[in-house]
Structure formats: C-alpha cells, structure tokens
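Letters go in sequence order (proteins before strands), and every chain restarts at 1.
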Protein chains: 2
Amino acid sequence: MYKEISLPEAHDCADCPIRHRAVCARCDADELEQLDAIKYYRSFQAGQTVVWSGDQMDFVGSVVSGIATLTQTMEDGRTQMVGLLLPSDFVGRPGREGSAYDVVATTDLVMCCFRKKPFEKMMVETPHVAQRLLEMTLDELDAAREWMLVLGRKTAREKIASLLSIIARRDATLHLRPAKGKLVFDLPLTREAMADYLGLTLETVSRQISALKRDGVIQLEGKRHVTVPDLDRLLIEAGDDSDGGMFA
Amino acid sequence: MYKEISLPEAHDCADCPIRHRAVCARCDADELEQLDAIKYYRSFQAGQTVVWSGDQMDFVGSVVSGIATLTQTMEDGRTQMVGLLLPSDFVGRPGREGSAYDVVATTDLVMCCFRKKPFEKMMVETPHVAQRLLEMTLDELDAAREWMLVLGRKTAREKIASLLSIIARRDATLHLRPAKGKLVFDLPLTREAMADYLGLTLETVSRQISALKRDGVIQLEGKRHVTVPDLDRLLIEAGDDSDGGMFA
DNA sequence: GTTCGCGCTTGATCTGGGTCAAGGATAGCA
DNA sequence: TGCTATCCTTGACCCAGATCAAGCGCGAAC
C-alpha cells in the first residue's frame, strides 16, 4: 500500500539530532566510525509497517525522527500497544531472530539502522554500546511497569490524563522547554491509537478528552492541538501528583 | 512485625541452585571469586518487606529460593504488582539510589546480595556480568509487555487462565518436567496477590477460579493445590493457543 | 463543486466486573 | 477446646466503560 521512501542524503553522526541520547551516546570517535560503517538510513511513511510480528529482522536501529508504535494483537483482533517509540529510542533485540511485535510508523519516520550481525559483534567488543543499551532497556522496563499500573488500576479519566502528561513532558524535554505551568503540544496519536495504548475503546477516549476539556483541564484547537494551562492540575487528574510515568 | 532471620551457613557458588540462570551465569572462576568477595546472604520470612519504595538500597542481588513481588501503590491505596520474582531473578538497579517499588517476600525467601558500589564497579570491568544482566533485563521487558496485553485487553477469565498457565510452565521448567499434558503445582500467591497482579479484585479472582474449576479446566485440592488436566485447554482459555506469556 | 473516506463525537443501551455484605474453612494459640 | 485471625467463597446489587448506532467535519480525489 505504501512504498518505502529512499533517503538520498548521507548523514554525519556529528550533527545527528539524537547523538547524545541514542544507543551510540557513550561512543567515542573511533567507535562511532565503526558504527558508521554498518549503518544506513531508512524512511517510512505515516501508517507504514516497519516490521511484522514474527518476521525476520535483519537490523536493529534508532528512531531519528517521527514516532513508531509497538503493538501486540490477539487472534480475535484485540490489540494492545506495548511501546511508543520516540526519537532516540531503540528498535529490535540483539540476539533474537524475529520481531516479537508489530512495529508501525504513526508519523513519517526516519530510522538509523545497523545490520544486526555486525552490531551484535560490536555489542561484545565495545562495552560502551552494551552499557548504553542496558541503561536504555532498564528505563524502558521502568516505563513498562509504570504502564502496568495505568492499565491495571487507573480509571479511564486517569488513563487519559496520564497519557497526556507523559506526552506533554516528553515534548517539553525534546524542545528544551520547562515542563511546568502552561504547556502546548500536538497529539502524535489518533484516538484509536490512544485507546490501544490505554486498554480502552476509542469512544471512551473521545468522551474522556471531551470531559477534560469541558472541565478546563485541557484546551483543544482542532482535534490534535492541546494546551495544558496547569500541569499540576493534569498530574492530579492522572492520579500521581508527585512524579508519575516516564517513557524510555 | 517480623525480624530478619540470620543465615549461619556459608554458601559456595559451585553448588548454588541458581548458578547457571542468575546474573552470574556467564562468569568464569575468577569472576565468581570477585563476586564472592562482595556477596552475602539474607533471609526473609513470608510477608516481610525486603525494601520499601523510595528507600535507599545499598545492595542488588538474586533470589536464591522463595518468591518475592514488586508492587506499586497509589496514594489512595490502589496497588498493582509489576513483577513476580522467582529463583534466579535479579533485584535492584545498578546506578540508582532508591528502590522504585516495594519488594515483598510472599514466601520465605533467601537472597544472594551484592554490595552495590563494588557491584557497579564490576559491571564496568567485567563484561560477562553486564551482558547477562542485559539479557535478563530484555527478557523481563518482554514479560512486562506480555502483561500489558493481559492487563489491557483480556477478560477476567482469560487473566486468571493466563496467570495459571504462566505459573504452571514456570513450575514445570523449574522441576524439569515437560510442560504439556497434565500438570500439578501449588499456587505461590494468595487470591489478593493474584488480584493485584491481574488488575482485578480478590472477589473476581475467587469467582473465576471457581468457574474454571466448575468447567473442568482445572481441579483444586484445598485452596492452593492445582491440577491442570490439559494444558492446551488452559492456554485456549487464556486467549493464546500458540505460546503466550513467559516470565523473566 | 461534489463525493468519498477517515477520524472523531455523541447518544442510548447493555454488561462484566466492582462493591458491599455475610459467612465458611483452616491454622495457630491460649 | 474454644478463640481469633487470615484467607477464601458466594450472593445481591450497581456502575464505569463497552457496544451499537448515527452523524459531523474536513481534506483529498475526480
């Protein structure tokens, strides 16, 4: 249905936007050169599937720009999102043949891919890569556990507020704005994708967003552009007034 | 309420029951000696809290025997279990001060602890430890994502069947019995702990277990001793007839 | 400009699992 | 040998969120 966009320009790690946050963050010049030798870029259109669950995956890589999702699907079609991949996040698992999940681009997406075999070799030889990957994986595990609380115990309203607060804060750190007081951002997900993330139906998502808007917790311009007048208020609605869910 | 049991006997890594599965699995004799120098054993009684969420943690370690749980609690008391720690599982996160979760012993528990500072030093110097920990963390992340599907999309009956099938299979591999056909095991969790794991109430857990018993999917002797006459049947009830959730 | 399709909203109704409440079984202990 | 505490079961009722259904708004294609 879509065809992959080829990306003509070569990229230099030196001015890579995710250089200091991705799996290569700890690498020195020499190690970067090694990575450079096995890397290539791929672009995907919004909606395009990057890998199907169960399919052979001959690469691993980092999200450079755009957003992708990890989802699991049951035989009868029920689906649960299990990961939201933002720029600098890592895709794939060294030492595993196939993908355990569907990976789908929800916006236009650029990935920095490494051929798997040589990457696995580097994992063994250059501890900086393995160390950074461990750190990132531990962060993702924390995020996954935070989501288990959201999925298992929070109400629909709290779930929506939790998701909004996470996106708001991620967006703030990405644009280096202070994550407090008034925040403005665009929702990178459809109502259906939010529902899949939160274990809800899209109707419930829609209703709860309308309710938060009616109650003045958020303002909406169009369907995607959100203003949060008071982050603390949103966090209270999310059920965690201290500091709640962080993504990877 | 409880007091910690001191463990007089010294343990030798050579005849450690979790030697080949724990974080030390890849270590050679020399590395084991290094670990041996910074390790000590601690025992806890069933019900005792190992660490409180937020508390300083000056050790990391492996579960040697018994079962512990990781739980998160909201201000109003709602709790969600986010990890079930069986023998060989790792507790704690290198590079973090406090614990993010409550760790509670659900049965009598023995842990092999490493002082954190020297362990972190070893993480940098001996890649075998870091490599094994990465592998284990990736497995835990997969398990967490499997549970996100259970929490977000499965019915109460499917949730119970999922939990039973996981415990059944874990128990089978632990005792080196084939995980097929007829299985017999003891539930290591109270109804309330199961509810906390599955995002249900204890009443619903009780009702669904009764229903599965009534329908012949399981047999019960007392409240804890379970017989699964047909694992495939249980897996179908769990909503995944192929191969479903694996723990860490 | 019209039509299509997709993403979204809103209403009406239904239901799975929560809540409240009343016991039963077992084990430890005086 | 009963007392108490913990864990579990079962019933009656209720409600948050699912399901079913109708329709809106807007951008893209013709």
Side-chain angles (χ1 to χ4, degrees), chain A residues 1-2 45-47 74 76-80 104 106-107 150-164 186-215 218 220-226 237 239, chain B residues 1-2 45-48 74 76-80 104 106-108 150-164 186-215 218 220-226 237 239:
Chain A
M1 66 200 270
Y2 297 100
Q45 292 183 333
M74 296 173 65
D76 61 7
R78 282 176 281 176
T79 71
Q80 175 65 49
V104 179
T106 50
T107 65
V150 172
L151 288 171
R153 293 303 185 191
K154 290 195 177 177
T155 64
R157 171 181 262 244
E158 289 170 334
K159 284 179 176 182
I160 298 290
S162 297
L163 180 56
L164 290 175
D186 281 297
L187 284 175
L189 300 175
T190 64
R191 301 289 186 265
E192 187 178 24
M194 290 191 246
D196 283 344
Y197 209 140
L198 297 170
L200 298 171
T201 59
L202 70 90
E203 292 95 329
T204 298
V205 170
S206 184
R207 273 188 256 270
Q208 294 298 335
I209 287 181
S210 298
L212 288 175
K213 179 178 155 193
R214 187 177 340 106
D215 299 345
I218 59 170
L220 264 187
E221 233 175 297
K223 285 136 189 342
R224 299 291 193 91
H225 193 74
V226 179
E237 293 287 353
Chain B
M1 68 201 270
Y2 297 101
Q45 290 183 332
Q48 201 177 353
M74 296 173 66
D76 62 6
R78 282 175 281 176
T79 71
Q80 175 66 48
V104 179
T106 49
T107 65
D108 287 348
V150 172
L151 288 171
R153 293 302 185 192
K154 291 195 178 178
T155 64
R157 171 180 262 243
E158 288 169 336
K159 285 179 174 181
I160 298 290
S162 297
L163 180 56
L164 291 176
D186 280 297
L187 282 175
L189 300 175
T190 64
R191 301 289 186 263
E192 187 178 23
M194 290 190 246
D196 283 344
Y197 209 142
L198 298 169
L200 297 171
T201 60
L202 71 91
E203 292 95 330
T204 298
V205 170
S206 184
R207 272 188 258 270
Q208 295 298 336
I209 288 181
S210 297
L212 288 175
K213 179 177 155 194
R214 188 180 337 110
D215 299 345
I218 59 171
L220 265 185
E221 233 173 297
K223 287 137 190 335
R224 299 294 193 89
H225 193 73
V226 179
E237 293 287 352

Are there any protein N/O atoms within less than 3.5 Å of an N/O atom in nucleotides 17-20 of chain C, and if so, which ones and at what distance?
from	atom 1	to	atom 2	distance (Å)
C:dG17	OP1	B:Ala156	N	2.8
C:dG18	OP2	B:Thr201	N	3.4
C:dG18	OP2	B:Thr201	OG1	3.1
C:dG18	OP2	B:Thr204	OG1	2.4
C:dT19	O4	B:Arg207	NH2	2.7
C:dC20	N4	B:Glu203	OE2	3.3

### NZ/NE/NH1/NH2 to OD/OE distance under 4.0 Å, A:Lys154 and A:Glu237
no

### Task
Using atom CE of A:Met194 as one end and atom P of C:dG7 as the other, report the distance to the nearest whole Å.
12 Å

### Task
Check whether any side-chain heavy atom of A:Asp196 sits under 4.5 Å from a side-chain heavy atom of B:Arg153, and report yes or no.
yes

### Task
Please check if atom CD in A:Glu203 has more than 12 non-hydrogen atoms from other residues, nucleotides or ligands closer than 6.0 Å.
yes

### Minimum heavy-atom distance between A:Tyr197 and A:Leu151, given as atom pair plus value
O-CD2, 3.6 Å

### Rounded distance in Å - CD1 (A:Ile160) to P (C:dT9)
10 Å

### Query
Looking across every strand, which nucleic acid part, if any, lies under 4.0 Å from A:Thr190 by heavy atom: base, sugar-phosphate, or nothing?
sugar-phosphate

### Task
Name the first nucleotide and the last nucleotide along DNA chain D (5' to 3') that come under 4.0 Å of a heavy atom in chain B.
D:dC8 to D:dA12

### Message
Between C1' on C:dT26 and CZ on B:Arg191, what's the gap in Å once rounded to a whole number?
### Response
14 Å

### Task
For residues A:Leu220 and A:His225, determine if any side-chain heavy atom of one lies less than 4.5 Å from a side-chain heavy atom of the other.
no

### Query
Please give, in whole Å, the distance from C:dT10 C1' to A:Arg214 CZ?
11 Å

### Task
Flag the pair A:Thr201 / A:Val205 as yes when at least one side-chain heavy-atom distance between them is below 4.5 Å, and no otherwise.
no

### Task
Using a 4.5 Å cut-off on heavy atoms from C-beta on, say whether the side chain of B:Met74 contacts that of B:Gln80.
no

### Query
Pick one: which of B:Ile218, B:Thr204, B:Val226 meets side-chain contact (heavy atoms from CB on, under 4.5 Å) with B:Ile209?
B:Ile218

### Query
Tell me: CG of B:Leu198 to C1' of C:dG16, nearest whole Å?
15 Å

